[in-house]
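These numbers come from the heavy atoms of this one structure, side chains and all, not from hydrogens, waters or symmetry mates. Each ligand, and each atom within it, is numbered from 1 in the order the structure gives.
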Amino acid sequence: MKKDKILVIGACGQIGVELTLALRKMYGDANVVASDLREEHDLLKGTGPYVSLDVMNKEMLHVLVIRHNITQIYLLAAILSATGEKNPLLAWHINMQSLLNVLDIAKEENLDKIYWPSSIAVFGPNSPAKETPQHTIIEPTTIYGISKFAGERWCEYYNHRFGVDVRSLRYPGLISYKSAPGGGTTDYAVEIFHEAKENQKYTSFLSENTYLPMMYMPDAIRATIELMEADAAKISIRSAYNLSAMSFSPKEIGAEIKKHIPSFELSYEPDYRQQIADGWPDSMDDTLARKDWGWKPEYDLEKMTADMLQNI
Ligand code: NAD
């Protein structure tokens with residue numbers, strides 16, 4: 001039997017650091033190779049193998065996969081929503097080519113499993129905003145959303161055409177304290193905690209009643225690992241699963257923080273990210289993830305807020 005050997009690409013990002021540490025606990029430190037363009041993140045130092053990698057260089061990636069006997073890849077490198085709008089062609093190029101490089105090497109080397117995250121950004125203003133279903137109108141209006149939607153189609157195509165076992169989740173906005181967010185539209189929900197603790201005030205770049213689907217990082221890491229551990233026969237979606245935990249507005253998270261820090265003051269100055277948020281769902285229907293592989297979130301707004309404020 002082949003031994004699991006995992007490559008995490010984009011391991012120094014908001015998700016990558018925590019996912020790499022979680023995978024190292026499960027599979028053994030030496031069996032999870034972390035890689036990124038950036039310098040190794042402080043939290044990863046000394047915890048396992050680290051290589052410098054540009055995922056856009058397919059040859060280098062291929063050599064790395066062969067040299068380390070990689071059997072699974074988690075591809076987390078991407079340009080996120082807010083950053084993507086500043087340079088749309090670059091975002092398209094990086095988000096697409098990184099995925100195509102990984103899928104094609106998975107096919108050529110007959111790798112066991114691939115993980116690549118999609119996003120709630122695949123939905124657009126014409127999708128139903130509340131409890132957005134798995135299968136519905138998908139007309140993204142940001143380049144990030146367009147690249148994620150195209151990526152989902154490529155994943156399903158590589159699965160159906162070539163049998164690549166690729167799995168994906170449409171993550172909501174992710175909230176965490178260990179590593180900083182990387183330029184998304186939901187970053188306000190991380191910044192707000194840091195500012196509340198340091199300065200007891202925050203100016204939100206989204207308006208007070210902008211609802212978005214959100215999730216605390218421990219739930220996102222667990223969902224990712226549970227999906228990847230699930231029996232392949234249970235995976236009915238080979239594009240990307242809707243995934244849900246909570247939905248709140250800046251006003252609601254502000255009120256929750258005020259319960260812990262009564263002097264906290266929240267103001268609003270919506271910028272270009274408001275328009276991105278306005279096109280995204282308020283909440284998601286993740287019935288299929290629950291049914292197929294037993295997804296159940298643990299953190300709601302109250303529990304997450306208490307944990308964030310305790311740990312920051
Ligand atoms: P991030 O920006 O924090 O991290 C991405 C990492 O990829 C960075 O460390 C960056 O240095 C690295 N990277 C960029 N280009 C690279 C390249 N060419 N080669 C190698 N590494 C490269 O992003 P994240 O928040 O950790 O997101 C990871 C994935 O999850 C992305 O696909 C993102 O679209 C998706 N996602 C994230 C969220 C969220 O709220 N964080 C929500 C939905 C989907």
A.B. asks: Answer yes when Arg170 and Glu152 have at least one side-chain N-carboxylate O distance shorter than 4.0 Å, and no when they do not.
C.D. replies: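 Judged by the 4.0 Å cut-off on N to carboxylate O distance, Arg170 and Glu152 do form a salt bridge.
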
A.B. asks: Could you give the side-chain donor-acceptor pairs of residues 62-69 under 3.5 Å, partners two or more places apart or in another chain?
C.D. replies:
unit_1 : atom_1 : unit_2 : atom_2 : d
His62  : NE2    : Glu109 : OE2    : 2.6

A.B. asks: Can a side-chain donor-acceptor contact be found between Glu252 and Tyr211 if the only test is distance below 3.5 angstrom?
C.D. replies: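 The answer is yes; a qualifying pair exists.
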
A.B. asks: Lys130: which residues meet the salt bridge (Lys or Arg N to Asp or Glu O under 4.0 Å) condition with it, sequence neighbours left out?
C.D. replies: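 Partners of Lys130 by the salt bridge (Lys or Arg N to Asp or Glu O under 4.0 Å) criterion, ordered by chain and then number, come out as Asp282.
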
A.B. asks: Can you list every pair that meets side chain to side chain donor-acceptor pair (under 3.5 Å) and has a residue in residues 256-267, with sequence neighbours left out?
C.D. replies: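 Side chain to side chain donor-acceptor pair (under 3.5 Å) check on residues 256-267 returns Thr203-Ser267, Glu256-Lys259.
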
A.B. asks: List the protein residues in contact with ligand 1, where contact means a heavy-atom separation under 4.0 angstrom.
C.D. replies: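 Heavy-atom contacts below 4.0 Å: Gly10, Cys12, Gly13, Gln14, Ile15, Asp36, Leu37, Arg38, Leu53, Asp54, Val55, Met56, Leu76, Ala77, Ala78, Leu80, Pro117, Ser118, Ser119, Tyr144, Lys148, Tyr171, Pro172, Gly173, Leu174, Gly182.
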
A.B. asks: Could you go step by step and tell me if Ile192 and Leu266 meet the side-chain contact (heavy atoms from CB on, under 4.5 Å) rule?
C.D. replies: CA-CA 9 Å; Ile192 196 170; Leu266 181 56; 4.0 Å; yes

